[in-house]
Amino acid sequence: ANFLTTAETLAEAFEAETGHQIVITHGSTGQLYAQIVQGAPFDIFLSADEERPARLKEEGRATEVRTYALGRLVLVSRAPVDAATVGEAVAGRTVALADPTVAPYGKAATTAMEKLRLDTATFRPVLVANVGQVATVFVTGNADFAFVSASQLPAMAAPSTMDLADFVAPIRQDAALLDRAQGNDAARAFWDWLASDAAAGTIRDAGYGAPGA
Amino acid sequence: MSVWPAVFLTLQLAAVTTVILLIIALPFAWWLATTRARSRPLFEAITALPLVLPPTVLGFYLLILMAPSAPLGGLWVRLTGDTLAFSFPGLVLASVIYSFPFAVQPLQTAFASVPRPVLDAARTLGASPRDAFFSVSMPLARRGLITAAVLSFAHTVGEFGVILMVGGNIPGKTRVISIEVFSAVETLDYRTAHILSFWLLALSLIVLVLVYAFNRRGGAGLG
Amino acid sequence: MSVWPAVFLTLQLAAVTTVILLIIALPFAWWLATTRARSRPLFEAITALPLVLPPTVLGFYLLILMAPSAPLGGLWVRLTGDTLAFSFPGLVLASVIYSFPFAVQPLQTAFASVPRPVLDAARTLGASPRDAFFSVSMPLARRGLITAAVLSFAHTVGEFGVILMVGGNIPGKTRVISIEVFSAVETLDYRTAHILSFWLLALSLIVLVLVYAFNRRGGAGLG
Amino acid sequence: MAETLEFRIRLRRGALFSLDVAEGVPLSGITALIGPSGGGKTTLLRALAGLERADEATVRFREQTWDAPGIRLAPEDRHVGFVFQNPALFPHLSVAENLRYGARRREVKSYDAIVDALDLGALMTRGVADLSGGEARRVALGRALASNPSVLFLDEPLNGLDTARKAELLPYIGRAVGEAKVPALYVTHSATEVATLADRVLGIAGGRLTGWRSPPARLRAVVTSVTGGLMRVRILGADPGQGADMTLPLVARMGETVGLGLPLDSVLVSTSDPGRSDASLCLPATVMGTSGGLELDVFGQRVTLARGGPHAVGARLWLSVLRVLPRPD
Amino acid sequence: MAETLEFRIRLRRGALFSLDVAEGVPLSGITALIGPSGGGKTTLLRALAGLERADEATVRFREQTWDAPGIRLAPEDRHVGFVFQNPALFPHLSVAENLRYGARRREVKSYDAIVDALDLGALMTRGVADLSGGEARRVALGRALASNPSVLFLDEPLNGLDTARKAELLPYIGRAVGEAKVPALYVTHSATEVATLADRVLGIAGGRLTGWRSPPARLRAVVTSVTGGLMRVRILGADPGQGADMTLPLVARMGETVGLGLPLDSVLVSTSDPGRSDASLCLPATVMGTSGGLELDVFGQRVTLARGGPHAVGARLWLSVLRVLPRPD
Ligand SMILES: Nc1ncnc2c1ncn2[C@@H]1O[C@H](COP(=O)(O)OP(=O)(O)OP(=O)(O)O)[C@@H](O)[C@H]1O
Ligand SMILES: Nc1ncnc2c1ncn2[C@@H]1O[C@H](COP(=O)(O)OP(=O)(O)OP(=O)(O)O)[C@@H](O)[C@H]1O
Ligand code: MOO
Ligand SMILES: [Mg+2]
Ligand SMILES: [Mg+2]
């Protein structure tokens with residue numbers, strides 16, 4: 001879900017360049033996976049994690065897997081914080097993160113909290129379905145802190161942002177070229193084009209780390 | 001991206017679902033309302049079950065059911081050459097199952113309160129049970145029928161979890177408005193979300209007011 | 001992780017929601033069924049609106065409403081010291097709004113078919129309007145009451161999109177079963193999903209069969 | 001052709017009531033079914049019409065089997081014109097549509113005569129919810145008549161109608177039954193209705209038939225002149241000037257005969273001439289027999305009054321009639 | 001204390017019917033309200049009970065204002081015992097619970113006497129859906145009586161009851177009204193009921209009151225002996241052996257007086273003695289006046305029969321009564 005806006009930009013650029021039509025379907029990573037397993041007519045799967053593409057390859061449903069973006073986790077807040085002050089700042093406050101059991105960004109957020117020694121007993125963590133909803137919770141004023149993807153920052157207009165690159169590894173978002181894409185030139189072309197510099201630039205502009213970098 | 005394909009698809013899905021639901025639910029609700037079978041509570045309970053499962057989970061099971069390897073899904077592929085999941089018919093099937101209780105229950109309540117003597121009168125005046133059903137039970141159950149139709153229609157318009165799962169969110173084919181709004185919210189595009197929601201609400205409100213106002217004018221009730 | 005806190009929370013939420021819904025919906029449905037106000041179709045339409053918005057979108061607007069900076073959310077914070085979002089009361093509020101139409105509409109259908117002369121009789125026998133409502137309208141609308149309660153309860157049990165968003169999925173506080181099942185499906189833990197779904201269905205089926213069987217025994221209907 | 005409705009019906013309702021009846025009812029004219037409240041009159045009619053489950057039901061209408069072991073003709077195929085005790089009008093239809101409901105299904109083109117006779121014209125466009133009690137009953141009667149029935153089952157059809165209206169409708173029902181040759185089973189608690197209409201009377205109580213009662217006493221008269229809505233009639237067998245003429249508010253043709261029902265509580269039988277009185281008729285009569293009622297000869301007609309009194313055969317009596325109940329013959 | 005029910009009511013229903021009435025009805029005994037079907041009887045009772053919206057309503061019951069501009073007493077506070085034309089029993093309650101409904105709310109402890117009089121004992125545990133027409137009506141009557149009303153509004157309460165049951169209930173209603181001093185407004189189409197019960201008669205047609213009718217002719221008699229359920233009475237003023245004695249199926253105490261209603265169509269007025277007849281009573285009478293009916297002196301009592309006939313004042317007549325309608329005085 002975190003990549004949708006970027007994917008749309010990419011698709012437009014690709015269509016302009018090659019004339020191929022790209023149709024984007026989106027949903028949560030887990031749900032898209034379940035659909036692929038049940039035979040959904042998708043050619044390329046841009047996952048928000050590395051586990052599911054790997055599993056698809058194992059199961060023989062994907063022919064190729066590759067990291068297409070490195071997600072960057074950031075902590076947004078109402079007032080500036082840093083590693084030293086965050087522990088005190090969150091005390092008694094509401095902190096939103098994606099549900100770590102279903103969302104990679106949630107898992108990353110838990111890791112970050114451990115590194116920052118944030119004790120979940122001192123504040124109120126709320127877990128919502130995905131980073132999109134995390135941002136919503138923050139934007140609507142229901143949370144004081146939120147762990148979101150750097151790609152979401154432009155849309156959020158958050159007062160202040162703390163980069164967590166030092167505390168948590170980038171989130172590897174893998175893509176899978178699905179079985180079904182065999183013989184589909186357009187799918188193949190887009191798959192290849194995703195690895196191009198042009199695509200990498202767009203991905204980087206959106207706030208992700210490019211896999212090559 | 002234009003929102004019209006989604007609007008059109010939504011209305012089409014809701015309309016088709018409502019029509020199919022009423023066709024199935026009418027005889028079934030009537031049976032429930034009039035039967036003396038001891039198994040009735042069981043059927044009533046089963047009717048309410050689709051409500052209990054979270055939509056995504058219901059969607060998950062429907063996906064399994066519709067997979068080409070499953071009996072139903074396989075049959076569909078053999079008949080139409082297309083997979084049932086991720087197709088419009090698949091969406092319709094999912095919506096029908098999901099909204100079934102909303103169609104059946106108001107109808108059953110309404111049918112149960114049609115006075116027996118009036119039905120007897122219809123029979124002696126030459127109406128077969130079928131004829132009496134259409135000429136007496138149905139008009140007298142009108143309020144229930146409208147409630148059933150409105151709940152089914154609105155629920156399908158707002159439906160989302162199941163559709164997201166079964167439909168595959170394919171633009172122009174299975175991407176309905178609710179998913180557009182959902183996407184807008186998820187991608188923090190609140191402006192679009194507000195606009196879409198506003199139109200969704202405004203259009204629904206107009207349709208519903210018209211339905212209810214018309215219903216009201218249409219002659220005296222039972223009271 | 002034990003599933004019991006979620007089960008318990010779900011039942012508690014569904015029960016509280018159903019009770020509150022009935023308390024609100026009863027007088028409102030009765031008013032809708034008996035009023036001659038020209039604005040009635042409008043209120044009927046508004047009642048059906050929560051259905052039209054996808055749950056996440058409804059959740060989004062509820063979040064806006066519940067924010068401490070918003071009037072309602074702020075009031076709540078001042079009164080309780082706690083935010084409304086991500087709390088049990090917040091969940092209840094969301095569920096009540098979401099399931100409102102399911103409680104109102106069957107009740108309205110049922111109240112509309114209570115015969116006027118019987119109510120008149122009650123009045124001349126010394127019953128105030130309130131008394132007549134409880135001693136005549138309510139028992140005669142029993143089927144509608146049960147339908148309303150079942151739909152509200154089941155819909156809250158299966159509720160998901162709104163709860164996920166407004167509840168914040170806090171274990172023991174706002175994490176209900178539907179979210180557990182959803183998580184299981186999303187994390188590819190299909191075994192847990194199957195087991196949870198099975199129990200959810202089985203328990204619901206038993207409860208519903210009991211409700212309907214009991215309802216059936218309780219004396220003759222109107223027919 | 002067996003012109004009878006033959007039935008044998010057994011059923012139980014609750015712990016206390018059971019119906020167990022068998023009879024053959026001649027299918028000509030009107031058969032009154034009388035008996036105490038709760039006696040089973042309604043239940044019997046409903047069972048005959050195929051509207052009640054019975055433990056045993058064998059019903060033959062003329063040559064047609066309605067019920068028999070393994071056979072159960074649907075109610076709609078019995079062509080019974082049923083006027084229910086509680087009108088049971090269609091609440092969603094107007095008066096006109098209520099009438100049309102049965103008419104259309106039985107392919108009856110026009111029933112204007114019925115609308116006129118029951119004076120329903122002004123009500124046609126109305127809904128049925130606001131009808132007065134008597135209006136609703138008239139609509140129910142019209143609805144049944146308009147469906148071209150083979151037999152009428154009338155369950156207290158004139159309940160709640162005012163006297164004037166009743167006096168109008170009684171002959172009308174009589175005529176409907178007589179002219180269209182539609183026999184009727186007629187449940188009533190009214191002695192007047194029995195005296196006016198019934199050709200025979202069957203009793204029922206406690207779910208058992210209590211046998212045939214003596215048919216109501218009736219004199220035949222011939223129409224001697226017609227003016228407006230009134231007609232003058234003379235008892236058959238009497239000559240002008242014998243005090244056997246009277247005026248009645250009934251529409252009939254010259255020369256036609258009418259039946260004059262003699263309600264028991266309006267007929268005085270006396271041994272002397274009461275002289276000038278306010279009786280409608282005062283007729284001389286001769287006692288012909290006293291077994292099973294007072295058998296009289298009146299201008300050559302035989303009438304039996306269900307009445308005792310120590311009168312000798314051959315005695316001369318006077319019959320003062322305060323009220324007669326005319327019906328077309 | 002003004003013992004009247006005074007009202008002025010105006011309302012319209014549909015395009016054709018309007019009610020526009022004003023009257024003061026004495027609150028003693030039973031006031032019959034008669035008129036054609038659709039005349040507005042039910043509407044008037046309902047409006048008086050506070051169950052209809054009116055364009056104008058001013059109603060005073062004794063010293064209490066029920067309706068006035070700006071005032072509208074709730075129906076439950078008027079203490080009207082209403083027997084509706086259509087019984088309107090509570091479908092979800094048993095017969096016993098139907099009776100208890102009003103009783104409990106009016107703090108009536110026991111109504112066993114009512115249950116007995118209406119013979120409801122065997123029905124108490126039954127649901128009301130399967131009651132026969134007559135049974136339902138008796139329950140409705142019992143329900144209203146058991147609620148300890150200040151006034152009874154009876155809308156054709158005996159419709160659908162058999163003759164025997166009616167004969168039982170008529171005196172019972174008379175007694176209930178008389179002893180408990182509960183006045184009643186009584187809608188009926190039955191001349192018999194009027195003759196038996198009514199102390200006065202008010203007409204209504206087309207939504208307008210058509211004035212007071214002459215009250216039914218009634219002779220007073222005294223109970224001379226009581227055996228079982230029967231009693232012997234003698235017309236007041238008559239001596240033994242004057243043919244003024246008769247036996248009636250009514251329960252009363254020795255020496256009590258009863259009213260004997262004389263139904264018009266069962267009373268023969270003749271100029272000669274009819275001799276031995278099957279009349280219940282044959283009484284000599286003298287014409288006292290002929291304006292506004294035939295005014296007679298019978299053993300010193302004055303009765304007015306609503307009847308013409310060219311009789312001279314002072315003429316001697318015979319009154320043969322085929323049927324009397326007794327009610328407790
Ligand atoms: N389900 C039942 N349980 C017990 N008794 C029943 C049931 N259904 C009907 N009855 C009884 O059957 C009897 C016959 O009813 P029915 O309606 O045939 O009487 P009726 O002769 O038409 O009386 P009425 O003149 O009062 O209309 C009544 O006493 C009624 O109470
Ligand atoms: N909403 C309405 N529109 C038109 N006419 C109406 C409406 N409501 C009642 N009426 C008419 O008002 C008249 C009076 O009705 P009401 O019930 O008072 O008559 P009633 O004297 O009790 O007659 P019955 O003896 O038949 O019971 C009837 O002709 C009825 O059709
Ligand atoms: O699946 Mo996400 O993009 O981590 O919410
Ligand atoms: Mg009956
Ligand atoms: Mg009336």
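Below, chain A is the first sequence line, B the second, and so on; all start at residue 1.
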Margin query: Test side-chain contact (heavy atoms from CB on, under 4.5 Å) on E/L48 and E/L185; report intermediate values, then the result.
Written below: CA-CA 11 Å; E/L48 290 173; E/L185 280 186; 3.8 Å; yes

Notebook entry, point to check: Is the gap between the ring centers of E/F7 and E/W66 under 6.0 Å?
Noted result: no

Note to self: Less than 4.5 Å to any heavy atom of chain C: does that hold for the side chain of E/L93, its backbone, both, or neither?
What the structure shows: neither

Checklist line | E/R46, part contacting chain C, at a heavy-atom distance under 4.5 Å | finding: side chain

Next item on the list: List in chain and number order the residues that pass salt bridge (charged side-chain N to carboxylate O under 4.0 Å, His left out) with E/R105, two or more places apart in sequence or in another chain; answer none if no residue qualifies.
Entry: C/D131

Next item on the list: Sort out for me which of C/A132, C/S128, C/P129, C/A127 touches chain E most, counting heavy-atom pairs under 4.5 Å.
Entry: C/A127

Next item on the list: Just jot down the salt bridge (charged side-chain N to carboxylate O under 4.0 Å, His left out) partners of E/R60, sequence neighbours excluded, or say none.
Entry: none

Check: Given that the side chain runs from C-beta out, which part of E/R78 has a heavy atom under 4.5 Å from chain C: side chain, backbone, both or neither?
Finding: neither

